[in-house]
Amino acid sequence: MIIGQILVSLSVTICTFIDGAMIGKNLGPEAIAAFGLSLSVVTLFSAVGGTVAAGVQVVIGHAVGSGDRDELNQAFSTSVILCIILSLLSLVGTLAFLNPLVSFLGAEPGSLVEVHTRQYLIGFALGCPAFIAFMIINPFYLILGKQSVVLMATLIMSITDIIGDIANVFVFHGGSFGMSLASSVSYVAAFLYLIAFFPGIKDRVSFAVKGFNATLVKALLVAGSAFALNQICRVFFSVFANRVVISAGGDELLAAFTISKNVYIIFQSAGLGIAAATLLITGVIWGERNRASIEEILRAVFRYSLIINLAIIVVVELSAGVLCKAFLKGNVEILEASVTCLRIYILGTVLFSVNSSLRSFYQGIGKMALSQGLCVLQMVVIPVALLLGVLYMFNGNPVLLWSSLVIAEVVTFGIILLICIIKNKRVMRLHKALVLGALEDSDNEPYVFHIRSEADAVSASREIFDIYKKTFPGGRNSMKMALCVEEIGMNYIRFGREKKSSEMEVRFLISGERLRLECRDDGSVFDPCEYMKEPHAGVTEESDGRYIGLYLVFNIASDIKYINVMGLNSLIIEMEERQ
């Protein structure tokens, strides 16, 4: 999931990189400065779709984690309708309030920068509906195991944008408007590709107008509010930082900052991808109430943030000059300033990845106030304070300006650690401390079994029988639970397993008098709940014994739910001890 999310994030930012490089090379310093100003509005656009998309990841993560297929369908229907409404409002609003937007961004009235900014925003606004729709819909494809479709859609987006930019520069000569229009066309192409593959997931999620749920809208917006706040903070800080840079060194320093920022954004994709995967998977694990996996998520965050971003730092430090030259030719002073900025700025990527992922983690486990508070600190309060300090105490020294952006990430992580010390009131391992007591009040940890053979299925069945008898000495369901495990495990090994390296994970959880079996595998897609609804399902002459065990399980259990999550079959079996 991390690899997929990084590639998705990278593909989107590559479009921005290409636009910036083509504009800087062919339209001049004023155009690249205008492009830097316009990115604030692009960020605001992404806040609209991203807020819903982030809320979708949390809500559908909880739904698939708990096996609630009805909630999954409601979330999809609500998201699609909300997507249409927000897309139209964003398009109309941007065009209607274009002049105030350009003024707010800081473009000097009557300047070439203002002209280019206006042109770029008009072209980009035309692709706003497809841009927002792509963001909102793709989490469903990711969580339902269609990562390859999303990756191909983003690849199409990048290729279409490259072709459009080249055509604009060498054929149509459409200026900044043509560059942003090429991006808009690429968003439309990516979205249409995504829609074309909807039949591949319609058996796992369905759309219905009557599925729109106003209460779910509130849940989506609340769950995604941290992302909205993040984007608003990014817009505010971007506008503020641009003004500080202009005050410190004028349009030339702004152009250098814009160049380095556009290169940085590409490599920032690693941190954003890790954060996005953290949010999505945390939602699923939180829905499962799985404490051990919650801690494992944090270990993975540190592991991948360190490995991936250290490699990125080495690459950028060695190639900073080449990367910045892609945006500008001729002006040596601007190029040197941009290289210096990039080499300093990139040092903050490791902690940017960690801090952003921790915010996503807290969002996924429902600690919204903490997530939002960290967002404001990381994106606004700390960097703004440091930039102001450099501007007024050190006369806007460029090296110190860039260094303050790295220091801001260090200070943010230090504050997170301080919060953990205060909240936990004791010294503990980092991944345990950062959980901040999540799921401490939940039920006992589940017993986990891995079934790779028929012998494993029998062994798991016997162990669950023994666990049950110890927990409920006079209980009547020990044999029933053991039978469920053995029959489901045997069915998987004999009929559903596709690769010898594959396995079924079975988790047995006792919650008071409620018994729960969770069976998950990556074998053939099969929904037993739908099968059992068919006429004469179960034991028939044509069934060749394949579904006899399934028929027995359905007659034993009080509740059975099936959902496909991230390409995995997930079957949840529950019963009461008192029955």
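Because only heavy atoms are used, hydrogens play no part in the values below, and waters and symmetry mates are left out as well, while side chains stay in.
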Using only atom types and a distance under 3.5 Å, with no angle test, would you say the side chain of [X] pairs donor to acceptor with the backbone of [Y]?
X	Y	answer
R497	G523	no
T78	N213	yes
Y141	L194	yes
S79	A75	yes
S360	A275	yes
S371	K367	no
T349	I346	yes
S269	I266	yes
S353	S305	no

Are F449 and M504 close enough, and set up right, to give a side chain to side chain contact (heavy atoms under 4.5 Å, CB included), and what steps lead you there?
CA-CA 8 Å; F449 306 91; M504 169 179 281; over 6 Å; no
More than 12 heavy atoms from other groups under 6.0 Å of [atom1] on [X]:
X	atom1	result
R299	CZ	yes
Y264	OH	yes
M490	CE	yes
F207	CZ	yes

May I ask you to say whether [X] pairs ionically with [Y], meaning some side-chain N is under 4.0 Å from a carboxylate O?
X	Y	value
E296	R303	yes
E503	R452	yes
R520	E518	no

Are any of the side-chain heavy atoms of [X] and [Y] separated by less than 4.5 Å?
X	Y	result
L517	I464	yes
D521	I451	no
I573	I488	yes
V553	N491	no
Y447	E463	no
L515	E574	no
I365	Y362	yes
L155	M152	yes

Considering all heavy atoms, the nearest [X]-[Y] contact:
X	Y	answer
N569	F526	OD1-N, 3.3 Å
L387	L401	CD2-CD2, 3.6 Å
S357	V301	CB-CG1, 3.5 Å
A133	S87	N-OG, 4.3 Å
S461	A482	OG-O, 2.8 Å
N309	A270	OD1-CB, 4.0 Å

Rounded to the nearest 0.5 Å, what separates atom [atom1] in [X] from atom [atom2] in [Y]?
X	Y	atom1	atom2	result
L405	L386	CG	CG	8.5 Å
C233	Q378	SG	CD	9.5 Å
M481	R516	CE	CZ	11.0 Å
N355	F413	CG	CZ	7.0 Å
I422	L417	CD1	CG	11.0 Å
E487	C519	CD	SG	12.0 Å

Is the distance between the ring centroids of F76 and F198 under 6.0 Å?
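Distance test on ring centres: under 6.0 Å, yes.
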Taking the six-membered ring for Trp, is the centroid-to-centroid distance between F134 and F191 below 6.0 Å?
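Between F191 and F134, which both carry aromatic rings, the centre distance is not below 6.0 Å.
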Might you work through the side chain to side chain contact (heavy atoms under 4.5 Å, CB included) test for F212 and V80, ending with a clear yes or no?
CA-CA 9 Å; F212 181 82; V80 169; over 6 Å; no
Would you check, one step at a time, whether the test side chain to side chain contact (heavy atoms under 4.5 Å, CB included) holds for Y492 with S502?
CA-CA 10 Å; Y492 165 69; S502 298; 3.2 Å; yes
Give the C-alpha distance, both sets of side-chain angles, the deciding distance and a yes or no for side chain to side chain contact (heavy atoms under 4.5 Å, CB included) between I313 and F267.
CA-CA 9 Å; I313 290 173; F267 295 100; over 6 Å; no
Students often mix this up, so state it plainly: with edges at 30° and 60°, are the rings of F237 and F240 parallel, tilted or perpendicular?
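Answer is tilted, since the angle falls between 30° and 60°.
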